[in-house]
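Predicted, not measured: the structure shown is a model, and the values here were computed from it.
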Amino acid sequence: MKALKALAAVAALTFPLFSFATPVNINTATAEELAKALNGVGQKKAEAIVAWRTEHGPFTSAEQLSEVKGIGEALIARNKDDILLQDSTKTAQ
């Protein structure tokens, strides 16, 4: 039993280090797709991203997401590798 608990503790510490998310184009994804793909983005934040995009046009950088209410630098940094601006290119910076 102790070995099982130890293994569970190691797994809990290890697996969050890996990203299993699918990259998502923040300029074309639906709110549902954004909520599923981005860590820390639920339906409300995803809807806010789509609303901002509708009002202001396409995002030109991942950092521009910080202009959306409820989206901060930490959330952007956590999802940086999964944010696409175009369908075939990840953001690079």
Side-chain angles (χ1 to χ4, degrees):
M1 188 66 165
K2 286 184 181 182
L4 184 57
K5 286 182 181 180
L7 181 60
V10 170
L13 293 173
T14 305
F15 289 117
L17 300 176
F18 299 103
S19 174
F20 297 108
T22 301
V24 63
N25 183 330
I26 60 172
N27 287 318
T28 60
T30 65
E32 292 78 18
E33 292 167 334
L34 291 167
K36 286 180 183 177
L38 299 176
N39 184 340
V41 174
Q43 190 63 32
K44 293 284 185 185
K45 285 183 184 176
E47 289 171 2
I49 291 169
V50 172
W52 189 97
R53 184 179 74 205
T54 300
E55 184 175 341
H56 300 283
F59 292 94
T60 57
S61 70
E63 290 75 18
Q64 196 173 22
L65 281 169
S66 67
E67 296 179 23
V68 177
K69 184 177 179 176
I71 307 289
E73 292 178 20
L75 190 144
I76 296 167
R78 184 169 54 239
N79 289 287
K80 184 88 171 181
D81 290 338
D82 297 315
I83 295 172
L84 301 175
L85 298 173
Q86 299 175 4
D87 286 326
S88 62
T89 307
K90 285 190 178 186
T91 60
Q93 294 187 21

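The environment of CD in E73 is sparse: at most 12 heavy-atom neighbours from other residues, nucleotides or ligands sit within 6.0 Å.
A donor-acceptor contact shorter than 3.5 Å links the side chain of N27 to the backbone of L85. Panel note: side chain R78, backbone L38; no donor-acceptor pair is recorded below 3.5 Å.
The CD1 atom of I26 sits 8.5 Å away from the CZ atom of R53 when rounded to the nearest 0.5 Å. To the nearest 0.5 Å, atom CD1 of residue I83 and atom CD of residue Q64 are 11.5 Å apart.
Counting heavy atoms from C-beta on, the side chains of L84 and V24 never come closer than 4.5 Å. In this structure, the side chains of I71 and I49 come closer than 4.5 Å at one or more pairs of heavy atoms.
Evaluation of the side chain to side chain contact (heavy atoms under 4.5 Å, CB included) rule for A48 yields V68 as partners, not counting sequence neighbours. With sequence neighbours excluded, the residues forming a side chain to side chain contact (heavy atoms under 4.5 Å, CB included) with E47 are A31, Q43, K44, listed by chain and number.
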task = Begin with the C-alpha distance, continue with both residues' side-chain angles, and end with the deciding distance and a verdict on side-chain contact (heavy atoms from CB on, under 4.5 Å) for D82 and T22.
result = CA-CA 6 Å; D82 297 315; T22 301; over 6 Å; no
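In summary, E63 and K80 engage in a salt bridge, as defined by a charged side-chain N under 4.0 Å from a carboxylate O.
Applying the ring-ring contact (aromatic ring centres under 6.0 Å, His included) test to residues at least two apart or on different chains, the pairs with a partner in residues 57-81 are W52-F59.
Among L75, I76, N79, the one residue that satisfies the side-chain contact (heavy atoms from CB on, under 4.5 Å) test with L65 is I76.
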